[in-house]
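Just so it is clear, the structure is predicted and the values come from calculations on it, not from any experiment. Order of listing sets the numbers, starting from 1, for every ligand and every atom in it.
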Amino acid sequence: MAKFLIVEARFYDHLNDMLIAGAKAALQAAGHEAEVITVPGALEIPGTLAMAAESGNYDGFVAIGVVIRGETYHFEIVAGESARGIMALTMDGIAIGNGILTVENEAQALVRADPSQKDKGGEAALAAIRLLELQAKFA
Ligand SMILES: Nc1c(NC[C@H](O)[C@H](O)[C@H](O)CO)[nH]c(=O)[nH]c1=O
Ligand SMILES: CC(=O)[C@@H](O)COP(=O)(O)O
C-alpha cells in the first residue's frame, strides 16, 4: 500500500468534490491511502507539492483543481504555470498525476469532473499510480 497526497486548489467546491471523489476511488481501488490538503489556487499547487515531496511522508501525489477561462490573460498564466510547475516536478522523478481542469466554461468542467463521465480525477490518480510503479522499476 502506498500513501498518496491529493493537493487540491479549491476554487469551485462542487467541481472539486467530484474530482476528489474520482481520485479517491481510483486510489482506494488500487489499495492505496489518500490524504487531502487544500491550497488557495492552482498556482499554489506546484510549490505545495514540492514541499510535501521534500517531507518524505508521501509516495505519490495527485493535483486537483479547476481553472475556467475569464476575461483576461490570467487564465493562461494560471493554467500554464501550474502545469509547467507540476511537469518540472514530475521530470525530477516525483510521481504526480495532474487533475487540474483547464476549461472554457463550467459545462466543460462538469463533464470532466464527474466520475461517471470523463473522471479526470480518477485519471490523474491512475497516472500517479503508474508513475510510482515506474519509479520503482527504474530505481
Ligand atoms: N482563476 C483561478 C485561480 N486563480 C488563483 C491563482 O491560482 C492563485 O491562487 C492566485 O493568483 C494567488 O497566487 N486559481 C484556480 O485554481 N482556478 C481559477 O479559475
Ligand atoms: C482563470 C482565472 O484567473 C479567471 O477566473 C480570472 O478571471 P478574469 O480573467 O476575468 O479575471
Side-chain angles (χ1 to χ4, degrees):
M1 176 177 82
K3 187 172 181 182
F4 283 79
L5 179 66
I6 300 172
V7 180
E8 62 141 1
R10 186 155 282 262
F11 230 73
Y12 303 94
D13 285 339
H14 64 301
L15 296 171
N16 273 43
D17 289 345
M18 289 194 283
L19 286 165
I20 288 172
K24 280 185 171 179
L27 291 169
Q28 287 158 4
H32 299 308
E33 188 182 341
E35 177 187 336
V36 180
I37 62 166
T38 301
V39 298
L43 286 181
E44 284 73 47
I45 289 179
T48 304
L49 287 168
M51 289 186 278
E54 183 67 25
S55 75
N57 295 330
Y58 307 96
D59 303 300
F61 304 87
V62 182
I64 293 293
V66 179
V67 187
I68 300 178
R69 187 183 298 276
E71 297 173 359
T72 70
Y73 188 73
H74 197 217
F75 172 86
E76 315 300 333
I77 297 298
V78 175
E81 289 302 293
S82 58
R84 187 180 63 80
I86 291 167
M87 184 58 68
L89 293 168
T90 303
M91 297 295 286
D92 279 343
I94 302 170
I96 307 169
N98 187 347
I100 301 173
L101 303 184
T102 53
V103 295
E104 298 300 326
N105 52 57
E106 183 175 1
Q108 289 180 350
L110 283 166
V111 169
R112 287 152 182 81
D114 189 342
S116 67
Q117 295 192 70
K118 287 187 179 283
D119 192 22
K120 292 300 184 180
E123 183 180 288
L126 292 175
I129 291 167
R130 181 59 180 150
L131 282 175
L132 194 59
E133 291 168 351
L134 292 171
Q135 196 182 76
K137 174 182 173 61
F138 297 123

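Of all the heavy atoms in Phe11 and Val66, the pair that sits closest is CB-O, 4.2 Å. The shortest heavy-atom contact between Ile68 and Asn105 is CG2-CA, 3.8 Å. For the pair Ala83 and Asn98, the tightest heavy-atom approach, listed with the atom from each and the gap, is CA-ND2, 4.1 Å. The two residues Val67 and Ala42 make their nearest non-hydrogen contact at CG2-CB, 4.0 Å. Residues Ser82 and Ala79 come closest through the heavy atom pair OG-O, 3.1 Å. The two residues Gln135 and Asp59 have their closest heavy-atom pair at OE1-O, 4.5 Å.
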Report every pair formed by an N or O atom of ligand 1 and a protein N or O atom separated by less than 3.5 Å, giving atom names and the distance to 0.1 Å.
unit_1	atom_1	unit_2	atom_2	d
ligand 1	7 (O)	Ala42	N	3.1
ligand 1	7 (O)	Leu43	N	3.2
ligand 1	9 (O)	Glu44	OE1	2.6
ligand 1	13 (O)	Glu44	OE2	2.6
ligand 1	16 (O)	Ala42	N	2.9
ligand 1	17 (N)	Val66	O	2.8
ligand 1	19 (O)	Ile68	N	3.4

I'd like a table of the close N/O pairs between ligand 2 and the protein (anything under 3.5 Å), one pair per line with both atom names and the distance.
unit_1	atom_1	unit_2	atom_2	d
ligand 2	3 (O)	His74	ND1	2.7
ligand 2	9 (O)	Glu71	N	3.1
ligand 2	9 (O)	Thr72	N	2.8
ligand 2	9 (O)	Thr72	OG1	2.6
ligand 2	10 (O)	Glu71	N	2.7

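In this structure, the salt bridge (charged side-chain N to carboxylate O under 4.0 Å, His left out) partners of Lys3, at least two apart in sequence or on a different chain, are Glu35. With sequence neighbours left out, Arg10 forms a salt bridge (charged side-chain N to carboxylate O under 4.0 Å, His left out) with Glu8, Asp13, Asp17.
Once rounded to the nearest 0.5 Å, the distance linking CZ of Phe61 with OG1 of Thr90 reads 10.5 Å.
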